[in-house]
Amino acid sequence: MTSKQGNGIVDDRTELDAEVPLSDAVPDNADRAGACDLSVVVPVYNEEESLRPLDAEIRAALRATGRSAEIIYVDDCSRDGSLAVLEELCRESEETDLRTRVIRFRRNFGQTAAMSAGFQLAEGTVVFPLDADGQNNPADIPRLLAEFEKGYDVVSGWRRNRQDKAVSRKLPSLVANKLIGRVSGVKLHDYGCTLKAYRGSMLKELHLYGEMHRFIPLYLAIHGAKVTELPVDHRPRKAGVSKYGSRRIFKVFLDLLLIRFMTRYYNRPMHFFGQVALGFMAAMFATLFFMIVFKFGWLRLIGINYSASFIQTPLPAMAASFMIGAIMSLFSGILAEVLIRVHYESRDARPYTVEKIYDSRGRVSEPESGEDYVRDHGNRGPARSRPR
């Protein structure tokens, strides 16, 4: 990856391999985490008309906090003039007190990848992701920061008065949020709101895949993060078109299965696969029972004159399929148990997190360099201290 120092543009188009994992393609600034107070990460895809007014609003909001800050735009291979606008914003910001950087993807990787790249590059103690369409109001950043400083690790924005279509956007989102909260136990009104405040040191150790960006509060809560939410402003879209379609609804339902596994069975996968195996075995025995009932004509006991041999029904094939499913589930559970032990033991990881250590001599200490979190996720760089 090359960096054009003149305008702050970080462009990965000179990479030899287009499929380099994003976590490796973007520099890990572990040593510089906390180099500034605040970082704003904005994933961009075809938002040319919204960028300049949004940038002005972000700068005004950051200056209102009185903290050192930076803005990171991640251009997800936009097809319009978004990159040209971002280049101009970088050049114009050279003489200002707010550093601006831009990551340019070689191809479209999606919002999760864009946010992950921005998080890895961010140097702020507190990180604020923000949509580029202008519907999130940057003026809410100081409010999120004030709530964050009450001792939380995540402050999630809640679009209480959401300015979107009721049937295609608001209703599916309402159902999805309730399902996610019920399945995970972390109940938020609005998982889909991009505007949030995160503790930067925790984001550095979070590996994002697929479409995990909407579940970041959940994954951090699993490892002990203190999560709350705050109502934020939501504005109608003034330019561009929405990048979300009805297909996203089905993806959320598929993600719920992963959430259930990650929140309940990540450290004990055999319990998950064992329950699946028991379900298959129950179905197999039920099928065998009906095979016997049909074979010997026991339905006559309830007034139904019907009998059939084993080969006259599909039940034997069904019973065999259920048995194979039970065996495969058991072996999958054993394999998952082996893999989870390799994960923890190879990295000297621990399936727990430590917030503070109390000593009988009256001293209270906190784990150095976020070691509690690093142990659980594996370390990708030098350890970092969590803000006191």
Side-chain angles (χ1 to χ4, degrees), residues 165-192 209-212 214-215 218-219 221-222 244-344 351:
K165 295 180 180 179
V167 176
S168 62
R169 299 291 299 277
K170 295 170 70 174
L171 180 60
S173 179
L174 177 64
V175 174
N177 285 318
K178 287 187 177 296
L179 284 174
I180 295 170
R182 186 175 182 84
V183 170
S184 67
V186 182
K187 296 183 179 180
L188 296 175
H189 290 89
D190 193 358
Y191 272 92
Y209 307 98
E211 296 192 1
M212 279 178 55
R214 64 174 63 91
F215 303 120
L218 167 60
Y219 283 103
I222 292 173
Y244 298 103
S246 58
R247 291 181 298 176
R248 184 182 62 155
I249 301 173
F250 301 101
K251 294 177 182 179
V252 171
F253 283 106
L254 293 176
D255 289 334
L256 287 175
L257 179 61
L258 176 62
I259 291 172
R260 182 71 178 182
F261 179 83
M262 294 295 289
T263 56
R264 302 294 176 87
Y265 303 103
Y266 182 75
N267 295 321
R268 45 193 178 97
M270 190 61 188
H271 291 190
F272 175 82
F273 289 103
Q275 290 182 26
V276 175
L278 288 175
F280 278 121
M281 292 176 65
M284 180 188 70
F285 284 117
T287 305
L288 291 174
F289 172 76
F290 282 107
M291 288 171 56
I292 296 173
V293 169
F294 293 157
K295 172 67 177 179
F296 295 103
W298 290 352
L299 290 177
R300 288 193 295 269
L301 298 176
I302 58 174
I304 300 176
N305 188 19
Y306 177 80
S307 63
S309 66
F310 292 158
I311 62 174
Q312 290 179 308
T313 68
L315 295 180
M318 292 175 60
S321 298
F322 289 138
M323 182 180 67
I324 293 173
I327 294 173
M328 293 295 292
S329 296
L330 289 174
F331 277 106
S332 296
I334 294 172
L335 179 60
E337 287 285 344
V338 172
L339 291 175
I340 200 66
R341 281 160 175 73
V342 170
H343 165 73
Y344 282 119

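- Residue pairs meeting the ring pair (Phe, Tyr, Trp, His ring centres under 6.0 Å) criterion with at least one member in residues 315-336: none, sequence neighbours excluded.
- The distance from the CZ atom of Arg214 to the CG atom of Leu188 is 14.0 Å, given to the nearest 0.5 Å.
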Could you tabulate the donor-acceptor pairs under 3.5 Å formed by side-chain atoms of residues 305-316, not counting sequence neighbours?
residue, atom, partner, partner atom, Å
Ser309, OG, Gln312, OE1, 3.4
Gln312, OE1, Ser309, N, 2.8
Thr313, OG1, Leu315, N, 3.4

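- Once rounded to the nearest 0.5 Å, the distance linking CE of Met328 with CG of Leu335 reads 10.0 Å.
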For residues 268-294, please give each side-chain donor-acceptor pair under 3.5 Å, one per line with the distance, not counting sequence neighbours.
residue, atom, partner, partner atom, Å
Arg268, NE, Arg264, O, 3.3
Arg268, NH1, His271, ND1, 3.0
Arg268, NH2, Arg264, O, 2.9
Gln275, NE2, Tyr265, OH, 3.1
Thr287, OG1, Ala283, O, 2.8

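- To the nearest 0.5 angstrom, Ser329 atom OG is 11.0 Å from Ile334 atom CD1.
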